[in-house]
Protein chains: 2
Amino acid sequence: MSSNDRNRTKATMRDVAREAGVAQSTVSHYINKTATVAPGTKGKIREAIRKMDYRPNMVARNLKTRGSNILPLFVPDITNPFYSELAKGVADAARKEGFDIVLYDTGYQRNREDDYLELALRQQAGGVVIGYNLLNDRLWERLEKTHTPSILIDVYPPNNSWSSVVVDNEEGIRLAVDYLYSLGHRDIAYLSEPPYLLPLIKRLREFIRILKVRGLEVRREWILVEKEQMNRVKIGSSLGKKLLASPLRPTAVVTSSDLVAIGALNAFLSSGIMVPSDLSLVGFDDIILASYVYPSLTTIRQPKFDMGQRGVKILMKLMSQVEEHSPMVEIIPPQLIERQSCCARR
Amino acid sequence: MSSNDRNRTKATMRDVAREAGVAQSTVSHYINKTATVAPGTKGKIREAIRKMDYRPNMVARNLKTRGSNILPLFVPDITNPFYSELAKGVADAARKEGFDIVLYDTGYQRNREDDYLELALRQQAGGVVIGYNLLNDRLWERLEKTHTPSILIDVYPPNNSWSSVVVDNEEGIRLAVDYLYSLGHRDIAYLSEPPYLLPLIKRLREFIRILKVRGLEVRREWILVEKEQMNRVKIGSSLGKKLLASPLRPTAVVTSSDLVAIGALNAFLSSGIMVPSDLSLVGFDDIILASYVYPSLTTIRQPKFDMGQRGVKILMKLMSQVEEHSPMVEIIPPQLIERQSCCARR
DNA sequence: GTGAAAGCGCTAACAT
DNA sequence: ATGTTAGCGCTTTCAC
């Protein structure tokens with residue numbers, strides 16, 4: 001033991017076998033429960049492992065089994081609470097399946113997406129979790145070409161050969177509008193960050209559609225869509241100010257995300273507009289911040305943690321199938337979370 | 001190529017060598033630039049790699065080199081903005097050094113800390129980044145016993161054999177108090193989450209000390225310290241209410257963290273106390289939320305992203321040294337970020 | 001129930 | 001400048 005300490009080399013399975021006086025393969029069988037080992041032998045091996053502070057080498061195991069217990073997770077920005085909550089769900093579920101998650105934070109940069117996918121593949125990842133719509137379309141091809149099972153979360157699949165988990169975005173918007181309608185609101189505005197991704201596009205479209213269905217007027221000056229990519233909170237505050245500047249003022253506002261709602265909230269409060277008494281406000285996502293701001297935000301919850309978990313569960317199925325799998329798409333129902341940013345129309 | 005496609009086996013270096021008509025080791029040399037390769041040979045190899053869509057197998061490389069290009073990062077809760085920003089800095093710097101980061105989110109649970117360290121060691125991690133003060137003290141021993149170079153971030157080292165990066169917490173509190181003092185405030189309260197970790201203890205102590213130094217009165221009823229571990233925002237809001245209930249009211253409040261400040265802000269606003277006109281408020285950390293709430297929060301910035309980067313830089317040094325290293329402790333200066341939650345005493 | 005032996009894909013001496 | 005060779009630590013037949 002002291003000699004083992006001194007030369008500072010990690011004990012290998014061979015060392016354990018020698019110490020226990022058995023064959024290496026027997027130790028392997030014992031560890032992996034891949035054959036029955038006699039009780040006495042078990043004891044000797046257990047003791048040897050303890051004595052030598054042995055620890056299996058996953059790298060060697062992975063090489064031998066031509067796999068990897070590493071699961072790459074692609075997110076555009078881990079500091080965005082939406083993605084950190086998603087990451088938590090993914091990590092949690094992955095862990096239960098024996099996978100460690102490697103974080104690839106691309107910062108919404110195409111070249112990074114490219115590089116990181118390359119790294120993930122080199123790590124011999126048997127599958128990948130993609131938490132947003134990659135900007136680089138060519139990567140879909142690369143994933144297909146390399147036969148890498150993938151699960152898309154919060155992404156509408158580029159074609160029908162992909163598996164994904166998405167919230168029912170249209171339903172979410174309906175929940176928001178109908179809630180405001182039930183509070184007596186008839187003049188409802190919509191503030192949106194740049195709708196360059198399908199979820200955002202669907203929310204916007206559905207907002208317009210449902211307004212018509214409910215017999216409400218659709219005013220162009222109440223549907224404010226930012227063109228420029230910038231910080232979502234800034235977008236919200238800029239759009240909020242713009243809305244206040246219009247001659248007619250709505251009594252309620254729906255936003256494309258909580259961050260936009262928070263920005264708008266700032267704009268309203270700093271202009272002396274009280275929320276909810278002067279203006280009701282609904283967010284989308286239910287990030288943690290939504291319950292932290294004052295007044296706390298009524299919003300449409302996307303169950304991010306669950307979505308992460310479900311995604312991993314699906315991915316595990318895809319990875320275990322030897323045959324080419326049929327893709328699975330899971331649509332998750334959103335949920336209205338009532339807090340303090342809405343009240344009945346006066 | 002089509003046969004390669006069909007049997008769906010990844011090309012290995014051997015395949016590339018065969019295709020290019022050279023020895024495997026030459027391909028290895030070419031890839032790792034570990035020997036000069038003739039231009040013509042280079043071309044053949046490059047072409048073979050392209051043709052076969054070859055990609056180095058990091059698992060095999062890691063086994064051979066008895067290392068790992070994986071760097072474990074321990075955080076207690078990735079959804080806490082402090083840690084997600086830190087993680088971003090760590091990931092960013094690690095990437096530049098060729099490391100992928102594996103996220104170990106322990107959820108402040110001792111047994112998970114234990115399990116995850118075990119996993120990290122099995123992955124053959126050559127070093128670890130620890131982003132908070134582990135609850136399980138025995139893990140320090142385990143890290144030492146296994147000779148695993150480690151960098152502690154936002155942690156005061158358990159003894160002088162550890163390397164760490166911490167912000168100067170005392171200086172931070174001084175910055176806050178002196179700023180308020182300069183605005184004319186003399187009645188200053190302090191709200192703290194449970195100070196079970198050194199950074200929190202130091203902030204609390206320094207607050208009391210500096211108040212005395214500045215000749216200000218230290219009132220017990222203005223120094224509110226939560227005992228119970230719960231959500232930081234809840235703590236802030238509960239402490240905020242308690243503060244308002246006391247007969248004497250301060251004109252300014254310093255908090256142990258931004259999350260506590262945000263909770264307090266909620267409590268104040270919902271009690272009709274205006275910030276900053278009735279009460280000035282200073283946070284600690286400068287998490288993104290600080291600039292998102294209304295009014296935006298004046299706070300003491302800990303440069304989390306930088307701290308992550310610096311930590312990795314130090315760790316790389318530790319890992320490259322063959323000799324036992326002398327630990328490096330880096331004290332980072334905090335910074336006062338002026339926003340809207342403070343104003344001059346009336 | 002246990003052991004011997006053959007590699008997984010790669011790096012790194014060492015030769016040529 | 002390139003090739004030969006010997007493992008890295010493990011899993012997995014296949015014997016016995």
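Chain letters run A, B, ... following the sequence lines, proteins first, then strands; residues in each count from 1.
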Taking N or O atoms only and anything under 3.5 Å, show me the protein contacts with nucleotides 11-15 of chain C, one pair per line.
residue, atom, partner, partner atom, Å
dT11(C), OP1, N32(B), ND2, 3.2
dT11(C), OP1, R61(B), NE, 2.7
dT11(C), OP1, R61(B), NH2, 3.2
dT11(C), OP2, S28(B), OG, 3.0
dT11(C), OP2, N32(B), ND2, 3.4
dT11(C), O2, K64(B), NZ, 3.2
dT11(C), O4, Q24(B), OE1, 3.4

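A donor-acceptor pair shorter than 3.5 Å cannot be found between the side chains of Y116(A) and Q109(A).
A salt bridge links R50(B) with E47(B): the distance from a Lys NZ or Arg NE/NH1/NH2 to an Asp or Glu carboxylate oxygen falls below 4.0 Å. Using a cut-off of 4.0 Å between Lys/Arg side-chain N and Asp/Glu carboxylate O, K88(B) and D92(B) are scored as not salt-bridged.
The side-chain hydrogen bond (donor to acceptor under 3.5 Å, both in side chains) check on E97(A) picks up nothing, with sequence neighbours excluded. With sequence neighbours excluded, no residue forms a ring pair (Phe, Tyr, Trp, His ring centres under 6.0 Å) with F305(B). When the side-chain hydrogen bond (donor to acceptor under 3.5 Å, both in side chains) test is applied to Y104(A), the partners found at least two apart in sequence or on another chain are D100(B). Take S163(A) and apply the side-chain hydrogen bond (donor to acceptor under 3.5 Å, both in side chains) test, not counting sequence neighbours, and it matches no residue. Remark: Y54(A) pairs with no residue by the ring pair (Phe, Tyr, Trp, His ring centres under 6.0 Å) rule, at least two apart or across chains. With sequence neighbours left out, the side-chain hydrogen bond (donor to acceptor under 3.5 Å, both in side chains) criterion links K313(A) to no other residue.
Recorded end-axis angle for the helix from dG1(C)-dC16(D) to dT16(C)-dA1(D) stands at 30°, based on five pairs per end and rounded to 10 degrees.
Put simply, CZ on R14(A) is 12 Å from P on dA4(C), counting in whole angstrom units. Atom OH in Y30(A) sits roughly 15 Å away from atom P in dG3(C) (whole-Å rounding).
At distances below 3.5 Å, at least one donor-acceptor pair connects side-chain atoms of T146(A) with backbone N or O atoms of R142(A). Of the possible polar contacts, none joining the T65(B) side chain to the L63(B) backbone as a donor-acceptor pair under 3.5 Å is found. Listed for the S320(B) side chain is a donor-acceptor partner under 3.5 Å among the backbone atoms of M316(B).
Using a 4.0 Å heavy-atom cutoff across all strands shown, V22(B) reaches sugar-phosphate atoms only and no base atom.
At least one side-chain heavy atom of R61(A) sits under 4.5 Å from a side-chain heavy atom of N32(A).
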Please report, to 0.1 Å, the donor-acceptor pairs under 3.5 Å made by any side chain of residues 133-140 of chain A, with sequence neighbours excluded.
residue, atom, partner, partner atom, Å
N136(A), OD1, R138(A), N, 3.1
N136(A), ND2, D114(A), OD2, 3.0

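Within a heavy-atom distance below 4.0 Å of DNA chain C, no residue of residues 94-102 of chain A is found. Within a heavy-atom distance below 4.0 Å of DNA chain D, no residue of residues 35-47 of chain A is found.
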Verdict with supporting geometry, E85(A) and I78(B), side-chain contact (heavy atoms from CB on, under 4.5 Å) = CA-CA 8 Å; E85(A) 290 176 48; I78(B) 193 64; over 6 Å; no

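For DNA chain D, the contact window with chain B, defined by any atom under 4.0 Å from a protein heavy atom, covers dA1(D) to dG9(D) in 5' to 3' order.
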